[in-house]
Amino acid sequence: MRGWQVPAYPLPSSREDTVIQRVLVRHGISHDKIMLLADGIRTAVARLMPGTPREAGRPGFHH
């Protein structure tokens, strides 16, 4: 789903290369919405796995 943000939490300095993401789900949320979230996470992980953003060469917004 667009606009969802999942907080990321770094671990202590001995494990700072690992990041944990926590997702809180409200009681009563529909199975369909959970599946949309799961699909979004799968898509994001697949996109991030190569290690470099697809748009790394594209200029971004600069202040």
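When reading the values below, keep in mind they use all heavy atoms of this one structure, side chains included, and skip hydrogens, waters and symmetry mates. By convention here, the first residue in the shown sequence is residue 1. Predicted model, so just to flag it, every value in this text is computed and none were measured.
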Show the atom names and distances, to 0.1 Å, of all donor-acceptor pairs under 3.5 Å that link a side chain in residues 39-46 to residues at least two apart or in another chain.
| from | atom 1 | to | atom 2 | distance (Å) |
| --- | --- | --- | --- | --- |
| D39 | OD1 | R42 | NH1 | 2.7 |
| T43 | OG1 | D39 | O | 2.9 |

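- Under the side-chain contact (heavy atoms from CB on, under 4.5 Å) criterion, R26 pairs with no residue at all, not counting sequence neighbours.
- Rounding to the nearest 0.5 angstrom, the gap separating the CG atom in L37 from the CG atom in D32 is 12.5 Å.
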